[in-house]
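Throughout, a chain's letter reflects where its sequence line sits, starting with A, and its residues are numbered from 1.
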Protein chains: 2
Amino acid sequence: MEDTEQRILDAALRVFASEGYTGATTRRIAKEANVAEVTLFRKFKSKENLLKEVLINNRTIFSSLDDLSHLFPKEKNVDLETELRILGKNIAKAMRDRKKDSKRRMFMLMLFEEGRRRPEVAEALSSLLQMNINPLSEYFELQIKNGKMRNINPRSASITFVGYFVHTSLLREVIGDGFLGNNDEEIDGFIDIFTKGILKVEDMKNR
Amino acid sequence: MEDTEQRILDAALRVFASEGYTGATTRRIAKEANVAEVTLFRKFKSKENLLKEVLINNRTIFSSLDDLSHLFPKEKNVDLETELRILGKNIAKAMRDRKKDSKRRMFMLMLFEEGRRRPEVAEALSSLLQMNINPLSEYFELQIKNGKMRNINPRSASITFVGYFVHTSLLREVIGDGFLGNNDEEIDGFIDIFTKGILKVEDMKNR
DNA sequence: CATGTAAGTAAGTAATTACTTACTTACAGT
DNA sequence: ACTGTAAGTAAGTAATTACTTACTTACATG
C-alpha cells in the first residue's frame, strides 16, 4: 500500500461527506482507509486538523477539476444559447456521473453546515465557490464585449447560473429526482429562462 | 411556565439548527428549554422522535408563514417585472429580518444533511419546498394565461426563482455578505436576468 | 383532605468518542 | 548486521452521550 496519508485524506473526505463532521468518527475513517486509528492521529494529530488537511488537499483538486473550461462545447460556431445549453448539460452530467464528485458535493454540503461554526471552513467554502464563478464571469464578460450578451453584471449572471446547478444538484442528491423531474428537461427550462427571460417579447420593446 | 412541550420543541428547533442533529445534545436542548432533561424524555421518548415532532410542529407553521401570497405587492397595476422585483425584495427582506426564520432556514440546512440518512426527513424537506413552489407556479400559470409571460413550464420558472433565493440566503448566512455583495443590487441583477434573459434583443428575433 | 398529574432531583448505566501510551513488527538504506 | 522509519497491536483514559430508575415536590381538582 502506498501513500498512507493520501488514503486517510480520501477516506476522511468520504466519511465526512456521508456522516458530517460531528457524525464522522476517527475509527470509521481509519477503517475506511485501511489503517490503524493510531496512524491517523500520528499523521494528523487531531480530527479537527484532519478536516483542515482534507480542505487543503482538495482545494487544489477542485481547482483543476472544477475548471469549467473543458466543459464548454468544442465547436465554436454555435450561438450563445446553444453553447450555454451544452455547458449546462455537461455540468449536470459531470455532477451526476463522476462518483468522486458526488462525494465532493456532499462534502460541500457538510462545509455549509460546519462553516457556520468554523470561520476557516467558511472561508474555504467561499474560495471554492469563487473558483466556479470566476471563469464563468470572464466568459460572460467576453460575450458582452462580443455583443452577444446584454450589458449585465457578469458576476450576477455567474451566480445565477452556477447557483442553479449547485442548488438543483444538491436537491437531487438529498430528496431524489422525483421532486425536480427529468433532468434534461429541467435544465432546458432553466437555460431557456436564463437566456431569453420569462417576458413576452412584445412587452420588451422598452429594452 | 406554560406548555412545556412547546418550549422543548422551540428549543429543539434552535439547537438542531445551530448544532446539527448529531451535534445537538438532549442536555443542551433541555437546558435551552428550561426543563429537566428527564422531562424531555418523558414527553418525547427519544431524540429521534423529538426531531420528528419538531418537524410536524413546524410543518404547519411553515405553511402559513411561508405562504408567498402576502409578499406580493399590494397594488395590482404594476407590470410583471416590477411585481417580481418587489416580490423578490420582500422575500429577501423577510428572510433577513425575521429571526425565527433565520433559525428555520438553518434548520432546513440541517434537514438537507440529515435527509440523506433519514428518508422521513427527506420527505419532510420535499414537502416544505413544495409549499414554496406551488403558489408561485400557480401565479406564473395565471400570468401566462394573461399573456404577460411566455409559455414556459411554470414549475421550471418557480424552481429557478425560489432556488435563487434559497441558495443565496443560505450562502449569506454561511459565508457572509462579502461574497455576494450588496443584497438589493444582486437581487435586481437576478430579476433582470430572470425576466429579460441575458441575450441581446436583436438576437432574439427568432423567438 | 385526598389524590392524580406534571414537573424536578439525583444518581447511574452502557456505549461511544477523541486521543494516548507502550510496545512490536516490517522493511529500506547504509 | 545495524539502524531509522513507518506502520500495527493492544490496552486504556477521561469525557460525553442517550436514556433509565427511583424518589420527591408542587399544585390543581374533586
Quickly work out the [X] [atom1] to [N] [atom2] distance and round it to whole Å.
X: B/Arg42; N: D/dC19; atom1: CZ; atom2: P; result: 15 Å
X: B/Asp3; N: C/dT5; atom1: CG; atom2: C1'; result: 15 Å
X: A/Lys31; N: D/dA7; atom1: NZ; atom2: C1'; result: 19 Å
X: B/Ile8; N: C/dA6; atom1: CD1; atom2: P; result: 13 Å
X: A/Phe41; N: D/dT13; atom1: CZ; atom2: P; result: 17 Å
X: B/Glu19; N: D/dA18; atom1: CD; atom2: P; result: 12 Å
X: A/Lys47; N: C/dT20; atom1: NZ; atom2: P; result: 14 Å
X: A/Arg7; N: D/dA7; atom1: CZ; atom2: C1'; result: 10 Å

For a quick check under 3.5 Å, do A/Glu186 and B/Ser156 share a side-chain donor-acceptor pair by atom type? yes

Between A/Arg117 and A/Tyr21, does any side-chain donor sit less than 3.5 Å from a side-chain acceptor? no

Pairing check on D/dG30: which nucleotide meets the Watson-Crick or G-U wobble criteria with it, both distances under 3.5 Å? C/dC1

Complementary nucleotide of C/dA22, counting Watson-Crick and G-U pairs under 3.5 Å: D/dT9

Using a 4.0 Å heavy-atom cut-off across all strands, classify B/Ala30 as base, sugar-phosphate, or nothing. nothing

Check every strand shown and say whether A/Val35 touches a base, only sugar-phosphate, or nothing at a heavy-atom separation below 4.0 Å. sugar-phosphate

Toward the 5' end of DNA chain C, by each residue's nearest nucleotide, A/Arg27 or A/Val38: A/Arg27

Between B/Thr39 and A/Thr22, which residue's closest nucleotide on DNA chain C lies nearer the 5′ terminus? B/Thr39

Classify the ring geometry of A/Phe140 against A/Phe161: parallel below 30°, tilted from 30° to 60°, perpendicular beyond 60°. perpendicular

Using 30° and 60° as the class boundaries, would you call the ring planes of A/Phe16 and A/Phe107 parallel, tilted or perpendicular? tilted

So does [X] get a side-chain nitrogen or oxygen closer than 4.0 Å to the phosphate oxygens (OP1/OP2) of [N]?
X: A/Lys45; N: C/dA18; answer: no
X: A/Thr26; N: C/dA18; answer: yes
X: B/Lys43; N: C/dA6; answer: no

Taking the six-membered ring of B/Tyr139, is the NZ or CZ of B/Arg155 close enough (under 6.0 Å from the centre) and on axis enough (within 45°)? no

